[in-house]
Amino acid sequence: MDINNIISPGLLDAFIKFGINLLIIILKIVVVLAIGLLHVAYATYFERKVIGHMQVRLGPMRVGWHGLLQPFADGLKLFFKEDIVPAKADKAVFYIAPIIFMAASMVNLSVIPFSYSFTIADFKISPVIADINIGLLFIFAMAGIGVYGIFIAGWASNSKYAFLGGIRSAAQVISYEIAMGLSLVGVMIMAGSLNLTDIVRAQEESVFGMFAIPQIIGFVVFSIAAVAETNRTPFDMPEAESELVAGYFTEYSGFRFALFFLGEYIAMIIMASMATICFLGGWTIPWYIKVVPFINYVPGIVWFLMKVYAFFFFFYWIRATLPRYRYDQVMGIGWKILIPVALANILVTGLVKIIITTMNGV
Amino acid sequence: MAVTEVRISIHTTGLDPKDIAEKIKGQFPDQVIEVAEFRDQVSVIIKRDQVVAVLKYLHDDPVLSFDHLQDLTAVDYKGKKDIRFEVVYNLYSTRYRHHIRIRAQVPENDTKINSAVPVWSGADWHERECFDMFGIEFTGHPDLRRILMPEDWEGYPLRKDYPLKGPELDKDWPGFTDVLKRSKELREFDWEG
Amino acid sequence: MVQKEAEKILETRELSVNMGPQHPATHGVLRLVLDIDGETIVKVTPYVGYLHRGIEKLGESLSYFQALPLTDRMDYVSAMSNNIGYVVAVEKLFGIEAPERAKFIRTIVGEMSRISNHLLWLATHALDIGAMTVFLYCFREREWLLDLFEMICGARLTVTYPRVGGVRNDVPQEFLESLWKFTDEFPSRILEYETLIDQNRIWLQRTVGIGIISAEEAVNMGMTGPTLRGSGVPYDIRKHKPYDAYDKVEFDVPIGTTGDTYDRYRCRMLELRQSNNIIRQLIEKLPPGPVMAEDPKFILPPKDKMMPITHPTKDLAYFILEKACKGCGMCMRACPAKAITGEKKAPHKINQALCVNCATCLVTCKFKSATVVPGGKGLSDEKLAELAVAPDQLPEDIKQAQQLLVRQFEFIKKGPKAPEGELYVATEVPKGELGFYFVSDGTGKPFRMRLRAPSFIHASCLPRLCVGHLVADVIAAIGTIDIVLGECDR
Amino acid sequence: MMAVGASHYDFDRFGIIFRGSPRQADCVIVAGTVTKKMVPVIRRVFDQIPEPRYVVAMGSCACTGGIFRTYSTVQGCDTFLPVDVYVPGCPPRPETLLEGMMLLQEKIRNEQARWSPWR
C-alpha cells in the first residue's frame, strides 16, 4: 500500500511540521540547559575569583589556566563522592527534596526569553522555550515550589541545624516573595502585560528605554528581595555558616549536595535574568545608546548576558562587603520596609498611568 | 555606646596588706591561724568553717571592698603539711588597688568547704575546676559537675598521688578506649593502596 | 479560657541544640547546648575541657625554666604576652631584675602581640557576623606582624622569645626599622577596617544593645581586660601594677559606657591605636645595654662563650687519655653519638669520625681522662695522643668555657632552686588578666603551678550574655568575649 | 590554620575551601592537641565524612602528642584515625601545611586502583 493513501498529504505535512517543532523545542531545551549549567559552573568560579580579588588574594589558580577547570573538577569530585543518608532521616523525602528544589528552579529557565526572535527557513524561532502569557506569575509560582524543596530537606534530615535552616528559609523566601511580587507590579502596570517578551518590547518602546529609571524604587526593592530570595549574604540566614553550619543542606553529601548547589545558582541566574528583563530592558538597548554608530550590530543576546553578568557581579560584591543580618532583622526589613515601599510605588505608578491615559484620551 | 579614653594613674594607693590581715584578725580572731608574707604578698590562713563569712566581710566592707576575685584554686600539700588541702582565694580591689590572699584549710578525710558563689558569681567555674582536679566539694554550689575532664572520669588529676601520665590503658576512660577498640575493628574496611 | 485550653493542647517545648565542639563559629572546641524557644535563647550551657592538656600538672614536673614553652601553647594567638606573663612571675619569684633594654623589648613585643591578637579577634568576630572581607584585611596586617616576630626569633606563633631574666637575643636594627614603618602605616589600616564596619548599619544593628552587662556584675563575674573595660571599669594591670616598661610610657585606657558588644568592639579598636602609640614611644626611648640579666645562679651562661658550639677555636677534637682512663664506661653510656667504644676496665677510645663535639664525655668523666685538643680536628689518634694534655692543664679560656658548660649541664638537669614561698602575679594579656600562682617548696620545680586564664572566666560568662537574645547573637557573644580554648582549658 | 585560608597564603588557589559540615568535606585536618575527651567527637566527625575521605594530622601534637605527655592527651591521632599525611611543626608554618596538602594530592593522584572497576 502506498503510504500516501493512509495519511493525507495535508496531515503528513502537519506531522512533519509538528516533528520539526518538537525537534526545535528539544533543541532549545538542550541548548538552554547546557548554557545554563555552564553558567552555573562558571558562576561558582567567578564568585571565587571575584571575591578572591576583592580580598587581596587570587582565588583558584591550579586546575587549568588560572583555575579555569576548577568547577568541573569540583563537580566531578562531588559526583564520585559517597552518598550518605543519615540513619534517622526520612528516606523517601530526603531523596526527593533536592530534586524538587532543582527542578523548580530549572523549570524557570523555560520562560526566560533571551533575544529577538529570528526565522530560519520559514520557521519563526523565538529564543524562549515556552513563551507563555503569564511568565512572571509562573516564575513566582515555581519559586514558591522551590521552598518546599528546602523546607522538606530541612525536615527530612532529622537534624536540628537543618531544621532551623529550613524554617528560616521558608519564612524568609515567602515574605520576600511578596515584596518582590509587589515590586514587579509597577512593571506590569507600565508594560500592561505579564508576558516577559512583551515586557521587554514595552521597554524598548518607552521613553526611558528601560524600566529601571521610572521604576527605580521598584528596582531597588526587587534587587534586595532578589538577594534575599536566593539566600545570599547579607540575608543568608538559612545557611549562615557561623550559626547553622550549612543550614538546610547540612546533612546532604555528594551529588545531592551538588543538586542543591546547582539549584541555588540557577535561582541566581533566574533572578538576574528577571532583573534584566523587567528593569534593564532585556536584550534591547535604549534609543539614546543606539545613537552610537555600529552598536546596532551587536546581537541582542550579548546585551542580555552582559546585563545578567553585571547583576551577578552585584551579588558577589555585596557578599564580599556586608555582614550578615540577624534573623528577626531580616524579617523586619521585608515586612516593615520593603512591602510598604513597594505598595507606595504601585500607588504612584498606577496614578501616573491613569493620568497619562486620561490625558491621551482627552 | 560612647567609648572614651581615660588616663589612669599608675600610683597605687591601696591599704598595706599587713593592715588588712590585722583587720581580718580583729574581726575573726578565732578563725585566723597564721599570716604569711612573701615578696610583699600577704596570705591569711584561716579555718574553713567561717570562710564565706570572712569572704563576705572582705567583699562588703566599704574600706576593703574586694570586688574582684582574681583566682580561686586549691593546693595539695600531701607529705608537706598535716592538713592536706588548702583552698586559695586571691582577692583584689579594683577601686582601692589592694591585694590579699586567703587560704582555707581542708582536711583530707572530709573535703568539703562552703561555696563562694554567693559572694562572687565568678567563682562558679573556679570551684567546679577545683572539684574536678582535687575532689574538693563546695557545698552550696549551684551546679557542681566536672568541668575539664569528662563527667565519668575517675580520679582527681592534680592531686599529688595521681600519675602525670594518667591511668594505664586498660583502666582508662571508657569513652576513649571504646573508640580505640571500634576504630581497630573498622580499620579492616579502610582502603589500602 | 479558650486561650488557656488551646495552650494546653498546643503545648510547646524548647528545642535544645548542641553547638560544637566541632562548629565553625566556636573558635576551637567550645561546646554549647542551647535551649531555644523558636529563635530565642532560653538557656545556654557551655561545656569546656575538650582541649585540656594538663599544663598545670605538667608544669609541676618541669623546672621553672623548662615550663616556659608550655605557656606559648596556652593562648597560641598571643603567645608573646603569655610568655611575658610567665617570665615576669618567675622573675618576681626568684627576685631577678631584667636589664632595662630587655624590659623595653619585652614591652614592645608584648604590645605587638596585643595588636596581632586584636586583629585576629576582629577578623573572626567580623567573619562570624558575616563580614568576610574584614577577615582577610586583618590577616594581611597580622602576617606583617608575624613576619616581624619571625625576624627576632624565627618562629611565627609559638615564639618563646622572652626568657627569665631578659629576652633570648637582642633585636636586629632592621626589625626596629620595619616595625617603625609598620607603626607609621597601621593607623591608616585601622581606618580601613573601620570604614568597612564601624558605621555599617548592619554591624550596628548586630552589635549595639547586644549582650549588655553592667559594671558591677562584670567585676563580680571576674571579667577582665577589654571585656570588662567595655562596661566602664577602669581596671588595667598595666596601670594598676605596672610591670616591665609600662611605667615609662604614656597611654590612655579606653573605657566603654553601656557594656554591649559594640562598646567592647570600640574599646579594642582604640586599644589597637594605643598599642601602636606605645610601640612608637618605646622604640624612640629604647636604651642600649645587655638584654639578659647576669646572675650565675639563675641565668643560663651565654652560648657564645660556652665550649663546643661557637667557641673561637672551632677545630676542637675530643680525646681520652689512656693513662687516666679507668674504663668505667660512663662516657660510653653518656655519648649521644655512640662514638666511644672500649672494653670494661680498659682505656676507651673516641671514634673521631662519629664524634659530634658535644663535650658530654668531658662533663661525665670523673677521672679527668677525657680532654680536648684545640686545633686537633682531622688529626690521627697518634698525633692527638701527642698533643693531648690533662683537662686541668688546658689553657685558661678553654677551661673557663668548660666550666660554663658544666654549669649549663647542672642548670638544665636540676634547675635553679627557687626560694620557698607562694606568689600570685598577674599581667595584662590581650584577653584580660593572666595570673600565675606559684607555690614553691624550695626545689627547682614548682610545687604547684596555677594559671588563671581569662578565657576560662569569660567562657563562664557566656550564659549571662546570651539568654534572651536570638541564636545569631550567641555567635556575636562568643566573638565579643574573645576566648581561645587552648587558654581556657589549659 | 587560619593563616592558610587568608590572603597571604590563600588555600583557595589550590581549590581548597573550608566547609562547615563534615558531610560536604573530603579531608579533615586534625589541628592541635587531641585530648581524650575530644576523641569520640573527632571519630564521629570522621565517620560522617563521605568516602573517599582523607585525614591530615597537623602539628606535632596531633601527630605524636608533642610535648604533652599527660593524663588527658592522646599520643597522636593515628591511634584511632587512618592518617594520610603528617604535617610536623608546633605549629606548622602555613607553607608546611600547603606542602602537606600537595603531598595529599600526590597521594590521591597515585590512587588509580581505587577508582578502577576492578578494585
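Quick note on labels: first sequence line is chain A, next is B, and so on, each numbered from 1. These figures come from a predicted structure and were not determined experimentally. The analysis underlying the following values was restricted to heavy atoms, covering all of them including side chains, and did not include hydrogens, waters or symmetry mates.
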B:Trp173 CH2 to D:Thr35 OG1 distance, which is reported to the nearest 0.5 Å: 8.5 Å
- request: Could you pull out the closest heavy-atom pair between B:Tyr162 and D:Tyr71, with the gap in Å?
  value: CE2-CB, 3.8 Å
field: Non-hydrogen atoms of B:Ile147 and D:Lys37 that approach each other most closely
entry: O-NZ, 3.3 Å
message: Could you check whether atom CZ of D:Arg44 has more than 12 heavy atoms from other residues, nucleotides or ligands sitting under 6.0 Å from it?
response: no
- request: Could you look at D:Arg69 and say if it's the side chain, the backbone, both or neither that has a heavy atom under 4.5 Å from chain B?
  value: both
- request: Assess whether atom CG of B:Asp152 is packed by more than 12 heavy atoms of other residues, nucleotides or ligands within 6.0 Å.
  value: yes
pair B:Pro150-D:Lys36: side-chain heavy atoms closer than 4.5 Å: no
query: More than 12 non-hydrogen atoms from neighbouring residues, nucleotides or ligands closer than 6.0 Å to CD on B:Glu154, yes or no?
result: no
- prompt: For chain D, which of B:Lys181, B:Met149, B:Arg182 has the most heavy-atom pairs under 4.5 Å?
  reply: B:Met149
message: Consider side chain to side chain contact (heavy atoms under 4.5 Å, CB included). Of D:Val39, D:Leu81, D:Ile42, which one does B:Val179 pass it with?
response: D:Val39
